[in-house]
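Each ligand, and each atom within it, is numbered from 1 in the order the structure gives.
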Amino acid sequence: MTNKIKLLSDRVINQIAAGEVVDRPASVVKELFENSLDAAAARVAVEVEQGGRRLIKVTDDGAGMSREDALLALERHATSKIKESRDLFAISSLGFRGEALPSIASVCELVLVTREPGSDAGIEIRADAGAIRSVSETGAPPGTEVSVCKLFSKVPARRKFIKSVPTEFGHISTLVSNMALARPDVHVTLIHNHKTVYDLPASPDLSGRLRNALGQDAADSLAPVDRTFTGALSKGELKVWGLVSLPSYTRSSTRSLHVFVNRRFVRDRLINHAVFEAYRTLVPKGRYPLVVLFVDLPPEAVDVNVHPAKHEIRFRDQAGVHQSVIEAIQGSLEQADRRGAFRTRLHDTRKEREEEPQAARGQASDPETISGAARAIERFHQKTETQMQKPGYGPSRPRVPGPGTRSRESDTGQVERHHRAGPSREREAPSMEGLTFSELRVIGQAGGSYILAESSDSLVIIDQHAAHERVMFERLRAQFDSERVLTQPLLFPATMELTLEEAQEVHDNQELLMRLGLEVEPFGGNTVVVKALPALLAGVDPEKLVLDVVDRLSELAGGSALDRELEEVFAVMACHSVVRAHEAMSIQEIKSLLRSMDEIKFPGHCPHGRDAVVRIRMRDMDKWFGR
Ligand code: ADP
Ligand code: MG
């Protein structure tokens, strides 16, 4: 009897590995680009033809390879980046698996030209479907150039999955732009079909890269984030930095999240989730901020050996990372909110553009309605928007472990999402001086709904209901967090008839309702009695309030109302607050509202993310009138 089981040939093994690492032209570009960065290149040039189907060429001026190394590099599991298994737990290079080059070589015609800076001549290796055809000396500048031709031409099963030239090139340019964002210190060029798409000279910092990429528009409407946390990890420092959009600028997909962990572009649920958390009550549901965020931490605090293409990573201190990202972003947004840096939308009388579907975007975007740097990044990515969004990377609610109060989650599935108009005009420099609401001079009320006031340099318009809602929301939340929700007994307890289901809901959540300041007791059958309300909401209709809260609770995952969900409950409760639109307010009431706005976080937005404050600069007004 002959054996049925046989060891596979290296060639087949490489092709199998290629299936994981190289699934389309962009992944070839990724591996080659990463190798160039690992070789300490100051310059990386990517040239492709026909979306990478005909040619992918990556040239760098990095460390190069000796003849022996170059030959070894094409062998499976040959790497200069790690030596022993413990190195796997502290990876500081982008590559380490030693399988990219042999995998790529197994599915194309590959030419590798490389020269170490110290050596007289370069070496050229030609390989075809993994077999080395020739090795020769050649003249070459120091560095490495890898050309990949006829990708997948001998692997029909793979070739079938390659999409159109624009789609494949879209993936490539997204990838290259992310690499360029990750490493502003490297000169990056991208050429497609002999046309230069990017030529981005090295820049000392991130906003410099954006500026270089896109002309003079400065990073005006992006708030800088820069925080170092010393206690967040069990060992070592965690740094969170980058640029994040002000809440007035939102996008309709998570592709606007550019997250780098130790300078590696990742799509990480934990971090994305933390970003959404940071913006949660500031942008409407279904809208996403634009974020270029770097998370730097000791290499041993993150496991990159989770996914062959290394898109996914795993943090050792998940809760610490999650909470720190939230804090870092919220801190910077909070400052921006107080500065009133959010918006000057009012004088833009044109209808705001509804964002087109991603594919149709591009030229259609109206530059006037998008802010400086946000617009810059937008343009930067216009050509690069591709279908990178994978299911599961949206604001789904992954279970995040850990003790942080706001980091515990439950899976409640999709929530209904509102849509809102596209980004607003935003031209204010983040350096504008602070806005103290209580110091504003009140001019009056307009339309029964808006408070008009002025500061020394601007006209300030406040949506009274939205602002009041935010005040109530923040107070309820603060009281709840400190477990001291003040209640006020009702003079006449209100008896309510509910459905059986609702009554059950009240019964199941009685303790939670109590903590929310709602004293509601079952009264036999479907009847419940409301005995007390949160003091903050004194005067509201108790039945309506309880019904709304019970409704909301019943939508929550199995009654296990966690903090995130509770915020939705606070928002519902805040909605019942007394100051409404179309209601006259006395000057005392206005002043007390303004004072309250100084005491809370995020006075500029209602708890659903709508704007509560619009600030118009006098100097802008002067311009309207040609002064
Ligand atoms: P890995 O990057 O995981 O080590 P690769 O197959 O991508 O594996 O590369 C194998 C080795 O070839 C690398 O470890 C490195 O030593 C060398 N190498 C690859 N590309 C370059 C380059 N552009 N410049 C210098 N050395 C390179
Ligand atoms: Mg590599």
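- Under a cut-off of 6.0 angstrom, the local environment of CZ in Arg159 is crowded, with over 12 non-hydrogen atoms contributed by other residues, nucleotides or ligands.
- Under the side chain to side chain donor-acceptor pair (under 3.5 Å) rule, Glu168 has a single partner from Arg24, Lys163, Gln50, Arg53, which is Arg24.
- Residue-environment remark: NZ (Lys150) stays at or below the threshold of 12 foreign heavy atoms within 6.0 Å.
- The shortest N/O to N/O separation between Met65 and ligand 1 does not fall below 3.5 Å.
- Classification of the Trp241-Phe294 ring pair by plane angle, with boundaries at 30° and 60°, yields parallel.
- Of the protein's heavy atoms, Asn35 ND2, 2.8 Å lies nearest to atom 7 (O) of ligand 1.
- For CZ of Arg227, the number of neighbouring non-hydrogen atoms (other residues, nucleotides, ligands) closer than 6.0 Å is greater than 12.
- Using a 4.5 Å cut-off on side-chain heavy atoms (C-beta onward), Leu297 and Val302 make contact.
- Distances from ligand 1 to the non-hydrogen atoms of Gly98 include at least one value under 4.0 Å.
- The protein non-hydrogen atom at the shortest distance from atom 4 (O) of ligand 1 is Thr79 OG1, 2.5 Å.
- For the pair Val58/Ser36, a side-chain contact is recorded, criterion being any heavy-atom separation below 4.5 Å from C-beta on.
- The shortest distance between side-chain heavy atoms of Thr144 and Thr59 does not fall below 4.5 Å.
- Nearest protein neighbour of atom 10 (C) of ligand 1, counting heavy atoms only, is Ala78 O, 3.4 Å.
- Looking only at side-chain heavy atoms (C-beta outward), Gln330 and Leu333 stay at 4.5 Å or farther from each other.
- In Ala39, the part holding a heavy atom less than 4.0 Å from any atom of ligand 1 is the side chain.
- Residue Gly64 places a heavy atom under 4.0 Å from ligand 1.
- Of all atoms in ligand 1, numbered sequentially from 1 with element shown, those under 4.0 Å from a heavy atom of Gly95 are 2 (O), 3 (O).
- Of the heavy atoms in Pro102, only side-chain atoms (C-beta onward) come closer than 4.0 Å to ligand 1.
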| task | Apply ring-ring contact (aromatic ring centres under 6.0 Å, His included) to Phe276 and Tyr288, showing your working. | result | CA-CA 8 Å; Phe276 300 138; Tyr288 308 95; 5.4 Å; yes
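- The shortest distance between side-chain heavy atoms of Pro25 and Phe169 does not fall below 4.5 Å.
- For Leu32, no heavy-atom contact with ligand 1 is shorter than 4.0 Å.
- With hydrogens left out, the protein atom closest to atom 12 (O) of ligand 1 is Ala73 CB, 3.3 Å, a heavy atom.
- With a 6.0 Å radius and a threshold of 12 heavy atoms from other residues, nucleotides or ligands, Leu8 has its CG atom above the threshold.
- For ligand 1, one of its N or O atoms has an N or O atom of Thr144 under 3.5 Å away.
- Considering only non-hydrogen protein atoms, atom 23 (N) of ligand 1 sits nearest to Asp60 OD2, 2.9 Å.
- Using a 4.0 Å cut-off between heavy atoms, Leu101 contacts ligand 1 through both its backbone and its side chain.
- Taking distances strictly below 2.8 Å, the protein N/O/S atoms close to the Mg ion (ligand 2) are Asn35 OD1.
- For Ser106 and Ser103, the side-chain atoms include no donor-acceptor pair closer than 3.5 Å.
- The closest protein non-hydrogen atom to atom 16 (O) of ligand 1 is Ser80 OG, 2.5 Å.
- Every atom of ligand 1 with a heavy atom of Phe96 under 4.0 Å away is listed here by number and element: 1 (P), 3 (O).
- Among protein heavy atoms, the minimum distance from atom 2 (O) of ligand 1 is reached at Lys81 NZ, 2.7 Å.
- Residue Arg97 places a heavy atom under 4.0 Å from ligand 1.
- Remark: the His187 side chain and the Asp61 side chain contain no N/O donor-acceptor pair separated by less than 3.5 Å.
- At a heavy-atom distance under 4.0 Å, only backbone atoms of Glu99 (N, CA, C or O) approach ligand 1.
- Other residues, nucleotides and ligands contribute only 12 or fewer heavy atoms inside 6.0 Å of the CD atom of Glu137.
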